[in-house]
There are 2 protein chains.
Amino acid sequence: MSLRIALLGALAANGPLSGYDLAKNFDGSLSYVWPARHSQIYPELAKLAADGLATVREDGGRGRKVYEIAEDGRAALAKWLTGTEPSRGIRSEASLRMFLLPLLDPAQAVPLLRREAERYAEQVRELEQVRDHHRPPTAPGRNGWYALDLGIRQLAAIRDWAAATADHIAELTSSGPG
Amino acid sequence: MSLRIALLGALAANGPLSGYDLAKNFDGSLSYVWPARHSQIYPELAKLAADGLATVREDGGRGRKVYEIAEDGRAALAKWLTGTEPSRGIRSEASLRMFLLPLLDPAQAVPLLRREAERYAEQVRELEQVRDHHRPPTAPGRNGWYALDLGIRQLAAIRDWAAATADHIAELTSSGPG
DNA sequence: CAGAACATGTAACCGGTTACATGATTTT
DNA sequence: AAAATCATGTAACCGGTTACATGTTCTG
């Protein structure tokens, strides 16, 4: 279900798009919460068209097909956003690692946590540049600025946790068993 | 691979456990980043034992089997934590919804964002109580406090984003097209 | 004209979910 | 003795990944 919604969302936000465009980066931000490969995207777009939620049009000689969201598609998207409870579960290998890092002995855990903190800090800096380059929207509607902002905040949370946890463990071990 | 690691992590952190125990809540916190059902856990534990990463012992007459992490298991866990790059991808239906909510017209989006902000605020308050009840560890090693702290920070980030975005959209529409 | 990038699809496999199935102990 | 809970497992299905397969247009 969710892939379908993600595609409708991308089409609603970024106008008519081909499967190739969508596969490339899913609008550059959607892939952060719902990644998908072209092998999954192409069949799903075909289904979307078959179900009348999007319209297809051949575009140029290279076999390119451009999909545009239909009225039924917008309705389905709005219904999902307003009328259903999303599953709160997530599955994140990176977070799993964070959860488990404190199990290592402090001499290993602290530098790894600091390295992770720095990695996330760097990613946050990069994305902040992109975000601030685009500037917040001055009119409501279709744009990825909010999505990017959310991504940055989540990464910053992990960064802060990793730094704080490294400090905490380091402090414990310097005073504790010494 | 990750389920295997998650199970080893749970066994390392919380001592010997049965599949039933693990399935119940995955230590109460691990399930937040890597949920799993008993139908997946039981076979994986059997494999873990077959591969020598954990040891089994029958425990009581109800067919209960208790698994304990073996030395090889600890080594495998440590190797994964220190020697591999985790995939950075996540898949979150809740975040997907957040990403897409600003696509709705402001009259719908703003109250939904505020409702989500309140939902996350409540969850943060609940988990903060749990966390602060347990208090931060005073000795390094096996405990779920850090994991819980990470979960709270991530939820708080979403909460803050939802509130800020609601405010921002509301402000735009009150001054913008009026 | 060769190689890169564009563009779409299919098939095999794997991890995960839902549902099915069974039996032992404890509680009421 | 019935119901609830403990406890483990299997099977069918589905969503997603990897790999395979094919053809077109642009660039150097």
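A note on names: the letters A, B, ... follow the listed sequences, proteins ahead of strands, and every chain is numbered from 1. It should be emphasised that the depicted structure is a prediction, and the values quoted were computed from it without experimental measurement. Side chains are part of it too, since the values below use all heavy atoms of this structure and drop only hydrogens, waters and symmetry mates.
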Exercise for the section: Kindly write out the residues that satisfy side-chain hydrogen bond (donor to acceptor under 3.5 Å, both in side chains) with Glu116(B), not counting sequence neighbours, or none if the list is empty. Expected result: Arg88(A)
Identify every side-chain donor-acceptor pair in residues 99-109 of chain A under 3.5 Å, counting partners at least two apart or on other chains, and give the distances.
none

Problem - Tyr42(A) OH to dA7(C) C1', straight-line distance once rounded to whole Å - result: 5 Å
Handout entry: Between dG16(C) (C1') and Arg4(B) (CZ): distance, integer Å
Key = 16 Å
Would you list the protein and nucleotides 19-24 of chain C atom pairs, both N or O, that sit under 3.5 Å from each other?
residue: dA24(C); atom: O3'; partner: Gly61(B); partner atom: O; Å: 3.3

Problem - Spacing of Leu48(B) atom CG relative to dG9(D) atom C1', expressed in whole Å - result: 17 Å
Handout entry: Set of residues satisfying side-chain hydrogen bond (donor to acceptor under 3.5 Å, both in side chains) with respect to Thr165(A), sequence neighbours excluded
Key = Trp161(A)
Problem - Length of the line joining Ile41(B):CD1 and dA7(D):P, which is rounded to integer Å - result: 14 Å
Practice task
For Gly60(A) and for Trp34(A), locate the closest nucleotide of DNA chain D by heavy-atom distance; then report the residue assigned to the nucleotide nearer the 5' terminus.
Solution key: Trp34(A)
Exercise for the section: To the nearest Å, give me how far apart NZ (Lys65(A)) and P (dG23(D)) are. Expected result: 16 Å
Exercise for the section: Describe the nucleic acid contact of Arg37(B) in one word from base, sugar-phosphate, nothing, applying a heavy-atom distance below 4.0 Å. Expected result: base
Practice task
With sequence neighbours left out, write down each residue that passes side-chain hydrogen bond (donor to acceptor under 3.5 Å, both in side chains) with Arg97(B), or none if nothing qualifies.
Solution key: Thr84(A)
Practice task
Please report, rounded to the nearest Å, how far the P atom of dA11(D) is from the CD atom of Gln40(B).
Solution key: 17 Å
Fill in the blank from the handout: Contacts of Lys47(A) and Lys24(B) projected onto DNA chain D by closest heavy atom; the upstream (5') one is Lys24(B)
Practice task
Could you tell me how the ring of His168(A) sits relative to the ring of Tyr146(B): parallel (under 30°), tilted (30 to 60°) or perpendicular (over 60°)?
Solution key: perpendicular
Side-chain donor-acceptor pairs of residues 34-42 of chain B under 3.5 Å, sequence neighbours excluded:
none

